[in-house]
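Please read the structure below before turning to the comments.
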Amino acid sequence: MLDKTVKDWNSDAANLEIEGRAFINGRYEDALAGETRATLNPANGQKLTDVANCGIEDADHAVAVARKAFESGVWASMAPADRKMVLVRWAELILDHADEIALLECLDVGKPISDTSGGDVPSAARTIRWSGEAIDKVYDQVAPVPANCLALVQRLPLGVIAAIVPWNFPLSTTAWKLAPSLATGNSVILKPASNTPLSALRIAGLASEAGLPDGVLQVLPGPGGSLGRHLALHNDIDGLTFTGSTEVGKRLMQYSGESNLKRTFLELGGKSPNIVFADANLEKAATFAAVAVFFNGGQTCTAGTRLIVEESIREKFVEMVVAKSQKWMPGDPMDPATTMGPMIDAGQLQTVAEYVDIGREEGASLMAGGNQVMLDSGGSYHEPTIFDGVTNNMRIAQEEIFGPVMSVIGFKDAEEAVAIANDSIYGLAGAVWSNNINTAHRVAAAVRVGTMGINNYFGGDMTVPFGGFKQSGNGRDKSMHAFDDYTELKTTWIEFD
Ligand code: NAP
């Protein structure tokens, strides 16, 4: 797979059959009203295919199907060891179709093919396999009660779950939601982002092939403002799991309160601090400072967009990071040598351009980038961009830009570094770089985020939970902690005569 050339991938793309229909009750179907919406290739702005544009009636149909499947017990009451077998088979089928799914994700999202084939696809398969393999090792509890009683504390599936996911990591976030919600026995309706429905639709068919009973998983492409809102307000949905912006996350909490108080778990935005002390391995820290922002074109919730650097090395370190940023010049996502692709669409490019203007107006110094590039491509490409001389009250330091824009902020001592890091509405992730274990650990402990790296950025695997503090959310994806979001605790208290 990894030795394919851009020519090979283009030839595969020319022969690719793309499924754009919704997936309901184990079958691909058109939207009930017959409506479709074009999905575009961000690399060149051209149409890939027409996708079902599902509406409220499709949502009601999918909820009824999911409810029926749940109540039947066909999946919820299946032995965990048997659910495991289905999920493991599903993960294997995803790997059997790895090139096809990597290509779909590259075409639909504009992610470099080396990322989708080396990262998103194997990672989605690992997530599903991990949750499957874990589920028959989870024990419930017998409580320490008087001898004439027996009290059972059991985890039960919530019932019908709606999962709503964003466009920046469509396959990964889909797997992070589906793996634990299905492993715990729920029925699920997944709404992918309107821009990027293709990988979720494809792997839904593979789930059926792996033996997932009909009606347990539905994938409905359609607009967030109508279809997504309707699912979030639905009185027959028991749980809502969401990855996306803080703005929409707030609305979902309101919808839950306005309807049936469905359990609502949110994974939201970020403005993550990446703190570099003078005593760090500066070469490695500079490499990862660039990775932290420019990977996925900065369209990453955990992007380390605030580079907080000790003043004594700031000038030198910024020079090093500017040099590293040159390795992230955007290119054709189908070329395995490309590190950064386009923004998802022209709207996102416009947002990035506006923030570059705001940074200039706020008085920050533009050290690299700042421009749209590859103007003839039809796609929305932007240079890796670095602002120095940023203060933490500037908008470019406070607001999630979701593009390849880094803000460099200086600090004098550890106390000031922590204060800057914590001066944010967000608390998703961060990192600290220092060869002094005391400094590194003290700072890592004081920064209020869900995931903190010491001498690494983006570290972590399926064994650890992922989620945010503050306005970065309230749920946890990955690890066995994710099972908590999809289960209720039920007590059965038995008394003997
Ligand atoms: P978004 O605008 O919040 O959209 C996310 C999803 O919500 C999409 O499927 C969208 O549908 C849907 N939606 C929009 N309005 C809705 C409504 N009123 N009711 C129900 N659903 C609605 O986010 P995005 O722009 O796709 O993604 C970028 C954001 O996601 C960033 O803030 C990023 O930080 C965050 N993110 C967080 C994590 C994490 O794990 N913490 C991971 C990845 C991304 P449409 O596509 O039809 O609009």
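Numbering of ligands and ligand atoms starts at 1, following listing order. If you read the sequence from its start, that first residue is 1, and numbering goes on from there. Hydrogens, waters and symmetry mates play no part in the numbers below; they use all other heavy atoms, side chains included.
- The protein heavy-atom contact nearest to atom 23 (O) of ligand 1 is S245 N, 3.5 Å.
- One side chain, K324 or T287, offers a donor N or O that lies under 3.5 Å from an acceptor on the other.
- If you check which protein heavy atom lies closest to atom 20 (C) of ligand 1, you get G228 C, 3.3 Å.
- With hydrogens and angles left out, the side-chain atoms of T241 and K177 include a donor and acceptor closer than 3.5 Å.
- At a heavy-atom distance under 4.0 Å, only backbone atoms of P192 (N, CA, C or O) approach ligand 1.
- Near P223, the atoms of ligand 1 lying under 4.0 angstrom from a non-hydrogen atom of the residue are 47 (O).
- In terms of heavy-atom proximity, G205 sits nearest to Y28 at N-OH, 3.1 Å.
- A salt bridge is absent between R476 and D484; no separation between the charged side-chain nitrogens and carboxylate oxygens falls under 4.0 Å.
- Set against the non-hydrogen atoms of L252, the atoms of ligand 1 under 4.0 Å away are 19 (N), 20 (C).
- Electrostatic pairing of D50 and K47 counts as a salt bridge here, judged by a charged N lying under 4.0 Å from a carboxylate O.
- Using the six-membered ring where Trp is involved, F169 and F295 have ring planes that are tilted, between 30° and 60° apart.
- Q471 and T246 share no side-chain donor-acceptor pair at under 3.5 Å.
- Atom 26 (O) of ligand 1 has as its closest protein heavy atom W167 CD1, 3.0 Å.
- Within the 4.0 Å heavy-atom criterion, the part of E400 lying near ligand 1 is the side chain and not the backbone.
- Look at R67 and D238 and you find a salt bridge, because one of the NZ, NE, NH1 or NH2 atoms lies within 4.0 Å of a carboxylate O, short of that distance.
- Short contacts between ligand 1 and S194, defined as distances under 4.0 Å to a heavy atom of the residue, involve ligand atoms 45 (P), 46 (O), 47 (O).
- Of the candidates N296, V165, N53, the one placing a heavy atom closest to atom 6 (C) of ligand 1 is V165.
- Nearest protein neighbour of atom 39 (C) of ligand 1, counting heavy atoms only, is C301 SG, 3.3 Å.
- Interface of N168 with ligand 1, defined as ligand atoms under 4.0 Å from a residue heavy atom, comprises 43 (C), 44 (C).
- Remark: minimum distance from atom 10 (C) of ligand 1 to any protein heavy atom is reached at K191 NZ, 4.0 Å.
- For ligand 1, the atoms closer than 4.0 angstrom to any heavy atom of F242 are 3 (O), 5 (C), 6 (C), 7 (O).
- Atom 45 (P) of ligand 1 lies below 4.0 Å from at least one non-hydrogen atom of the protein.
- For F242 and F265, the ring centers sit 6.0 Å or farther from each other.
- Numbered from 1 in the order shown, with element, the atoms of ligand 1 that lie under 4.0 Å from a heavy atom of G222 read 47 (O).
- A cation-pi contact, defined as under 6.0 Å to the ring centre and within 45° of the axis, is absent between R155 and F483.
- Of the protein's heavy atoms, G244 O, 3.1 Å lies nearest to atom 35 (C) of ligand 1.
- In terms of protein heavy atoms, atom 27 (O) of ligand 1 is closest to P166 CB, 3.3 Å.
- Closest to atom 19 (N) of ligand 1 by heavy atom, among S226, G224, G269, G468, is G224.
- In terms of protein heavy-atom proximity, atom 12 (C) of ligand 1 is closest to I164 CG2, 3.7 Å.
- Near R251, the atoms of ligand 1 lying under 4.0 angstrom from a non-hydrogen atom of the residue are 18 (N).
- In this structure, D58 contributes its side chain and G55 its backbone to a donor-acceptor pair below 3.5 Å.
- Shown in contact with L428 at under 4.0 Å from a heavy atom are these atoms of ligand 1, numbered in order with element: 41 (N).
- Between the side chains of N371 and E383, at least one donor N or O lies within less than 3.5 Å of an accepting N or O.
- For Y255, every heavy-atom contact with ligand 1 shorter than 4.0 Å involves the side chain, none the backbone.
- Between L182 and V188, the closest side-chain pair of non-hydrogen atoms falls below 4.5 Å.
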